[in-house]
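Before any comments, here is the structure.
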Amino acid sequence: NAGVMQNPRHLVRRRGQEARLRCSPMKGHSHVYWYRQLPEEGLKFMVYLQKENIIDESGMPKERFSAEFPKEGPSILRIQQVVRGDSAAYFCASSPGDGSFWPQHFGDGTRLSIL
Amino acid sequence: AQKITQTQPGMFVQEKEAVTLDCTYDTSDQSYGLFWYKQPSSGEMIFLIYQGSYDEQNATEGRYSLNFQKARKSANLVISASQLGDSAMYFCAMRELTGNQFYFGTGTSLTVIP
């Protein structure tokens with residue numbers, strides 16, 4: 001899958017716990033995007049990050065959700081105090097730049113299940 | 001208004017036949033890119049093909065081609081010589097030059113019948 005690595009592949013949490021989803025972009029890619037896919041739906045944009053910067057978080061819920069892409073290490077999508085409605089597949093994508101129409105290469109996703 | 005509309009929730013095609021998956025888009029930007037992704041039952045998202053708004057020729061990638069009709073704002077995916085392994089969800093997506101995100105349609109589930 002062209003090298004975007006997401007882990008874990010599956011994550012089970014109880015209501016009220018925290019979920020941390022990790023994404024390592026393809027080698028040479030400095031732009032990371034997070035999407036959420038609810039069952040039977042398409043992907044919905046959440047947030048766009050470059051190293052140490054959040055560029056666009058217009059798709060992120062205002063509460064409980066946060067994302068980071070530190071100088072070293074993977075990008076992290078963090079969901080605090082999870083609720084049943086957070087159950088979804090979360091995809092990370094990366095691209096080398098945002099100035100043109102690079103296709104975004106996706107990881108295999110993290111399937112989050114809330115008990 | 002929906003940025004990407006895929007009106008076919010499910011499609012069936014006979015093996016070795018061609019199939020067209022519909023996609024219409026809505027944008028006021030002059031510069032944009034259109035993409036198709038395949039999502040098999042295993043869940044990963046696989047990039048298939050890209051068309052730029054200024055490209056005069058329809059994009060082709062192996063058995064995939066994109067029927068781009070700019071005036072109609074449509075970007076249909078054509079799969080020729082369908083194979084059983086083509087059974088999957090197919091998503092049309094768009095990115096506007098002025099924006100950061102990809103907009104995805106709701107997808108079309110394609111089933112190839114032996």
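We name chains A, B, ... by the order of the sequence lines, and we start the count at 1 in each one.
- Of all the heavy atoms in Q101(B) and S58(A), the pair that sits closest is NE2-OG, 4.3 Å.
- Cluster membership for V12(A) and I114(A), using ILVMFWY side-chain heavy atoms within less than 4.5 angstrom, is not shared.
- Counting non-hydrogen atoms of other residues, nucleotides and ligands closer than 6.0 Å to NZ of K51(A) gives a total above 12.
- If you chain together hydrophobic residues whose side chains sit under 4.5 Å apart, M46(A) and I4(B) never meet in one group.
- L49(A) and I79(A) fall within the same hydrophobic cluster, defined by Ile, Leu, Val, Met, Phe, Trp and Tyr side-chain heavy atoms under 4.5 Å apart, directly or through other members.
- Of all heavy-atom pairs spanning F91(A) and Q39(B), the tightest one is CZ-NE2, 3.4 Å.
- The distance from the CD1 atom of I46(B) to the CG atom of D108(A) is 8.5 Å, given to the nearest 0.5 Å.
- With chain A as the partner, the residue from Y103(B), F91(B), F104(B) showing the most heavy-atom pairs under 4.5 Å is F104(B).
- Tracing side-chain contacts under 4.5 Å through hydrophobic residues (I, L, V, M, F, W, Y), one never reaches Y25(B) starting from V78(B); they form parts of separate clusters.
- V4(A) and I76(A) sit in two unconnected hydrophobic clusters of ILVMFWY residues. Membership requires side-chain heavy atoms under 4.5 Å apart, directly or through other members.
- At a threshold of 4.5 Å between non-hydrogen side-chain atoms, the residues Y33(A) and F102(B) do not count as touching.
- Within the 4.5 Å cutoff, side-chain heavy atoms of Q104(A) are placed close to those of Y37(B).
- Only the side chain of Q37(A) comes within contact range of chain B, with at least one heavy atom under 4.5 Å from a heavy atom of that chain.
- For E41(A), the part sitting under 4.5 Å from any heavy atom of chain B is the backbone (N, CA, C, O) and nothing else.
- Here CZ of F106(A) is found 11.0 Å from CZ of F47(B). Values are rounded to the nearest 0.5 Å.
- By the neighbour-count criterion of 12 heavy atoms within 6.0 Å, atom CE of M60(A) is densely surrounded, having more than that number from other residues, nucleotides or ligands.
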